[in-house]
Novice: 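Dropping the structure in here first, questions after.
Predicted model, so just to flag it, every value in this text is computed and none were measured. Convention: sequence-line order gives letters A, B, ...; per-chain numbering from 1.
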There are 2 protein chains.
Amino acid sequence: MAMNDTPPSVIGRTALAVEVTDRLRQMILEGRLKPGEKIREKLLTEEFGVSRTPLREALKVLASEGLLELIPNRGAIISRQSDAEREEIFLVLSTLEGLAGELACEAATDEELQEIARLTDALRPQFEARDRRSYFSLNQAIHNAILNASHNETLIRSHALLAYRVQRARYQANPTAHLWERAVDEHEAIARTLLARDGARTRLLMTAHLRKLSSLTAEEEAGRGPGPGAIAGE
Amino acid sequence: MAMNDTPPSVIGRTALAVEVTDRLRQMILEGRLKPGEKIREKLLTEEFGVSRTPLREALKVLASEGLLELIPNRGAIISRQSDAEREEIFLVLSTLEGLAGELACEAATDEELQEIARLTDALRPQFEARDRRSYFSLNQAIHNAILNASHNETLIRSHALLAYRVQRARYQANPTAHLWERAVDEHEAIARTLLARDGARTRLLMTAHLRKLSSLTAEEEAGRGPGPGAIAGE
DNA sequence: GCATTGAATTATGCATTCATTATTCAAGTC
DNA sequence: GACTTGAATAATGAATGCATAATTCAATGC
């Protein structure tokens with residue numbers, strides 16, 4: 001009998017289709033492919049140096065993720081999302097993050113909670129320095145850490161799928177200093193309830209924290225790439 | 001200039017890859033392809049009468065939905081899910097359905113709420129007749145109606161994606177008569193809070209309603225197809 | 001007798017080719 | 001002059017073919 005069970009990451013080579021999927025997703029998220037833009041398979045195959053087969057497989061996957069739309073016999077266009085759609089997504093995201101907070105209170109290790117607290121402590125200095133780029137990536141790290149601390153893979157994946165689709169909007173949201181600081185306050189409060197393992201309260205705080213962002217994101221379509229734009233203060 | 005905007009469902013022919021995706025998904029959900037089973041591309045291409053190209057695109061999509069796993073150079077196997085995974089999924093689903101209930105209280109039309117109430121009224125007779133098949137499909141219709149009444153497409157899609165993965169478990173859950181009746185009670189309570197447009201309470205009831213199911217689903221792996229098995233009383 | 005090795009077979013990954021549908025653009029008509 | 005028609009072009013959809021990796025199974029050695 002063969003010994004089975006996926007060997008622990010022995011495979012060095014990544015499948016070409018997966019590679020293409022990831023690169024394309026990145027291009028969309030970074031705004032190198034703009035919403036509404038039509039995808040020319042030929043151009044991309046040349047840029048990636050692969051044939052149409054893996055590219056088309058990638059397009060199918062990204063379409064099922066909602067990042068682009070496939071129109072029969074007319075190719076793919078990058079999904080352009082309305083304000084209404086963004087609000088929908090934020091509403092679902094806020095609920096999922098609330099659940100993550102609640103679960104983290106039960107499932108997280110002490111070390112994980114400590115790490116979240118540590119990251120949160122670093123947040124206010126970035127706000128005070130008005131360093132949006134650093135703040136944004138630190139903020140994202142905190143949210144991800146809480147998600148991971150839920151120890152619920154399904155939740156983590158569902159969240160990631162939706163988070164993709166509003167990443168640019170989050171990045172470009174432009175809060176006032178006052179709102180930004182309140183976001184920092186909220187993060188500190190969340191860190192405290194997490195440490196206290198107060199699930200119900202953590203859920204409420206996290207849901208509320210994220211729902212506020214929904215009103216901060218503005219229509220930006222047909223934009224000129226990411227640029228040095230504003231950054232969400234969530 | 002060409003008049004554009006997708007013509008309202010003029011296209012009669014569905015793309016082959018989409019067709020294959022749907023049929024394969026159905027086969028998995030119905031248990032015709034059992035968890036852990038390896039997929040032979042050749043066999044399926046012969047059964048469907050298509051080439052490997054659209055089939056492989058379908059596999060990529062279903063893998064991204066979590067219905068099967070693609071192992072590089074070793075093909076696809078139907079995802080076998082552990083009790084733990086099922087619990088994860090139910091936890092997320094319960095939260096999403098709770099949100100759907102909450103949103104429905106704000107967004108639903110009176111007609112939609114009436115329809116939900118009407119469906120709910122038909123539930124108890126099915127329980128009393130112990131007609132599991134009818135009960136199950138009616139129950140599913142109610143849940144879908146509430147989801148749709150949320151008028152949040154993102155929520156509806158996210159929910160559907162996860163619901164796929166526990167459909168069989170839901171179908172096969174075998175509640176006691178007592179638990180089954182309590183599920184009916186809960187549904188009636190939910191219908192009432194919906195009609196009253198009491199969002200917060202609807203959310204609580206729906207989340208609780210679904211979380212109970214999590215403990216009802218049992219490991220069944222390597223099963224012998226769907227069979228006339230038990231049906232969830234949610 | 002059992003494990004190990006390696007050739008033959010089979011399946012998957014990707015590229016290429018063929019068929020079909022959309023798009024473009026020029027010619028003709030009203 | 002604007003609209004319609006249709007041929008030429010280009011793009012997408014699907015099938016086939018080729019290269020490579022995995023599996024099988026028999027032969028050999030211990």
Novice: Which of residues 44-59 of chain A sit near DNA chain D, with a heavy atom under 4.0 Å from it?
Specialist: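 Within this stretch, A:Arg52, A:Arg56 sit under 4.0 Å of the strand.
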Novice: Take atom CG of A:Leu70 and atom C1' of D:dA11, then tell me their distance rounded to the nearest Å.
Specialist: 14 Å
Novice: Any non-hydrogen side-chain atom of A:Leu119 less than 4.5 Å from a side-chain atom of A:His187?
Specialist: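 A:Leu119 does not reach A:His187 side chain to side chain.
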Novice: For B:His151, give me all partners under ring pair (Phe, Tyr, Trp, His ring centres under 6.0 Å), at least two apart in sequence or on another chain.
Specialist: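 Result, ring pair (Phe, Tyr, Trp, His ring centres under 6.0 Å) vs B:His151: none returned.
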Novice: Return yes if some donor-acceptor pair links the side-chain N/O of B:Glu37 with the main-chain N/O of B:Ile78 below 3.5 Å, else return no.
Specialist: no
Novice: For the pair A:Lys42 and A:Glu46, evaluate salt bridge (charged side-chain N to carboxylate O under 4.0 Å, His left out) and give the outcome as yes or no after the intermediate values.
Specialist: CA-CA 6 Å; A:Lys42 197 145 178 291; A:Glu46 283 163 8; 3.6 Å; yes
Novice: Can you name the salt bridge (Lys or Arg N to Asp or Glu O under 4.0 Å) partners of A:Glu102, sequence neighbours left out?
Specialist: A:Arg203, B:Arg211
Novice: Mind calculating the distance between CG (B:Leu16) and P (D:dG13) to the nearest angstrom?
Specialist: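 So the CG-P distance, B:Leu16 to D:dG13, works out to 11 Å.
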Novice: Report, as yes or no, whether the 6.0 Å neighbourhood of atom CZ on B:Arg157 holds more than 12 heavy atoms from other residues, nucleotides or ligands.
Specialist: no
Novice: Roughly how many Å is it from CD1 in B:Ile77 to P in C:dT12, rounded to a whole number?
Specialist: 13 Å
Novice: For B:Glu41, give me all partners under side chain to side chain contact (heavy atoms under 4.5 Å, CB included), at least two apart in sequence or on another chain.
Specialist: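 Once residues adjacent in sequence are excluded, the partners of B:Glu41 under the side chain to side chain contact (heavy atoms under 4.5 Å, CB included) criterion are B:Arg52, B:Leu55, B:Arg56, B:Leu59.
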Novice: Pairs under 3.5 angstrom, nitrogen or oxygen only, protein versus nucleotides 6-11 of chain C, please.
Specialist:
none

Novice: Residues in side chain to side chain contact (heavy atoms under 4.5 Å, CB included) with B:Arg40, at least two apart?
Specialist: B:Lys38, B:Leu43
